[in-house]
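Heads up: the structure comes next, in structure tokens.
All values reported here derive from a predicted model rather than from experimental measurement. In this chain, residues are counted from 1 in sequence order.
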Amino acid sequence: MRIGQLLGSGRNADVYELDETWVLRRYRDGMDASPELPVMSYLSASGYPVPRLGPQPPSAGPGDLVLQHLHGPTMLKSLLSGAVGAEEGAALLAGLLADLHTVPARLSPNPEDRVLHLDLHPDNVMLTADGPVVIDWSNTEEGPPALDRAMSALILAQVAVDPAHPATDDARVLVTALVPLLAADDGIPARHLADAAARRTLNPTMSPAEKGLIGEAAALVTALIG
């Protein structure tokens, strides 16, 4: 497997070009990527927009995934450039969450459980010529859709209440447009928002300063719901 140029980096993974068709996503901390494979295969078979899975070469490590080479900007870049407006972005995020939550759980026996992303925000949506594609399924679980809605709202609210973040103003406009849409879709109950906040507090990739904003972010989401 010949690894090409670095295409992008997240909090715990890097993406390298393999060729025009495939990229390699590699965790830097040795995290096992294999649990993502059956979830992405299941979602793809259900018609949900995820990257196609490529052939995993014998030389691939447990933290490696070969994925479709997606061409296009992230939703975050499009929002910051003004190519996508806040109302459009909010509707797109809400629609992607709603569509995901029509897919029955793959493993859970609870008929109300669904596949959850638990990190669906603008930097995890690629805007391709064929439509939006949701990336980074490292946090995926099965459970109540309201938890997924709460998590997306809380992630954006954390940026919105961070005065040191360069996208603070954009995030506040986006979360202000998004939360009413999510609240209308069976809501964001307080217990699920509290669960999302507790999970964010335990996120090892976040700094103490970021974790210190979770309470204020949750309060903002609560105010927008109200």
Side-chain angles (χ1 to χ4, degrees), residues 10-13 25 27 31-53 62-63 65 67-68 75 89-126 131-158 175 178-206 214 217-218 220-222 224-226:
R11 286 180 179 259
N12 59 359
R25 184 170 181 266
Y27 286 113
M31 180 177 168
D32 185 6
S34 61
E36 299 172 48
L37 291 168
V39 177
M40 294 176 69
S41 295
Y42 176 68
L43 289 171
S44 180
S46 301
Y48 193 75
V50 298
R52 296 195 315 274
L53 295 171
L65 276 180
L67 302 168
Q68 176 187 2
M75 186 195 299
L92 182 53
L93 282 175
L96 287 168
L97 283 165
D99 289 346
L100 177 60
H101 300 153
T102 65
V103 180
R106 186 175 62 92
L107 301 174
S108 173
N110 187 336
E112 295 186 2
D113 281 350
R114 296 292 186 266
V115 177
L116 310 181
H117 187 279
L118 295 178
D119 198 25
L120 212 169
H121 55 75
D123 210 24
N124 279 337
V125 179
M126 298 288 293
V133 178
V134 180
I135 63 172
D136 190 357
W137 292 86
S138 58
N139 292 325
T140 184
E141 294 181 17
E142 295 179 354
L147 174 59
D148 222 1
R149 295 192 292 269
M151 188 66 79
S152 289
L154 185 63
I155 290 170
L156 288 174
Q158 273 185 266
V175 75
L178 177 65
V179 168
L181 297 178
L182 299 183
D185 187 11
D186 294 329
I188 303 176
R191 68 183 185 278
H192 292 301
L193 182 58
D195 188 3
R199 288 166 178 258
R200 292 291 285 171
T201 300
L202 297 175
N203 189 324
T205 69
M206 288 171 48
I214 292 172
L220 173 60
V221 174
T222 299
L224 292 172
I225 293 170

We want to know whether Ser34 and Asp32 form a side-chain donor-acceptor pair, criterion being a heavy-atom distance below 3.5 angstrom. yes

Check step by step if side-chain contact (heavy atoms from CB on, under 4.5 Å) holds for Met40 and Leu67. CA-CA 10 Å; Met40 294 176 69; Leu67 302 168; 3.8 Å; yes

Is there a side-chain contact between Ile155 and Arg200 (heavy atoms, below 4.5 Å)? yes

Can you find a pair of side-chain heavy atoms, one from Arg199 and one from Leu147, that are under 4.5 Å apart? yes

Hey, does Leu116 have a side-chain heavy atom less than 4.5 Å from the side chain of His101? yes

Ignoring hydrogens and geometry, is there a side-chain-to-backbone donor-acceptor pair from Glu142 to Ala105 under 3.5 Å? no

By ring pair (Phe, Tyr, Trp, His ring centres under 6.0 Å) - contacts of His121 (at least two apart): none

Could you please spell out the steps behind the side-chain contact (heavy atoms from CB on, under 4.5 Å) verdict for Val134 and Leu100? CA-CA 10 Å; Val134 180; Leu100 177 60; over 6 Å; no

Taking 4.0 angstrom as the limit, do Arg191 and Asp195 come out as a salt bridge? no

Correct closest heavy-atom pair for Pro51 and Ile135 would be CG-CG2, 3.9 Å

Going through the checks in order, is the side-chain contact (heavy atoms from CB on, under 4.5 Å) test met by Leu43 and Trp137? CA-CA 11 Å; Leu43 289 171; Trp137 292 86; 3.4 Å; yes

Specify the closest pair of heavy atoms between Ala146 and His192, including all atoms of both residues, with the distance to one decimal. CB-CD2, 3.4 Å

So, for Val175 and Ala157, which heavy atoms are closest and what is the spacing to 0.1 Å? CG2-N, 4.1 Å

Do Asn12 and Pro204 have side chains that get closer than 4.5 Å, going by heavy atoms? no

Donor-acceptor contact present, side-chain Gln68 to main-chain Arg52, <3.5 Å: yes

Gap separating the CG atom of Asn203 from the CG atom of Asn139, nearest 0.5 angstrom: 7.0 Å

Least distance between heavy atoms, Leu97 atom then Ser152 atom: CD1-OG, 3.8 Å

Approximate separation, where rounding is to 0.5 Å, of Ser46 OG and Asp99 CG: 12.0 Å

Closest heavy-atom pair, Pro144 versus Asp113, reported as atoms and distance to 0.1 Å, is N-OD1, 3.8 Å

Should Val50 and Val39 count as side-chain neighbours, where that means a heavy-atom distance under 4.5 Å? no

Could you report the tightest heavy-atom contact between Tyr42 and Pro104, atom names first, then the distance? OH-O, 2.7 Å

Without swapping roles, check the side chain of Asp148 against the backbone of His117 for a donor-acceptor pair under 3.5 Å. yes

To the nearest 0.5 angstrom, please state how far the CE atom of Met75 sits from the CG atom of Asn124. 10.0 Å

Taking Arg149 for the side chain and Gly187 for the main chain, is one N or O donor matched with an acceptor at less than 3.5 Å? yes

Could you walk me through whether Ser138 and Asp119 pass the side-chain contact (heavy atoms from CB on, under 4.5 Å) test, one step at a time? CA-CA 9 Å; Ser138 58; Asp119 198 25; 5.5 Å; no

For the atom pair CZ (Arg25) and CG (Asp136), what is the distance rounded to the nearest 0.5 Å? 4.0 Å

Rounded to the nearest 0.5 Å, what separates atom CG in Leu193 from atom CD1 in Ile188? 7.0 Å

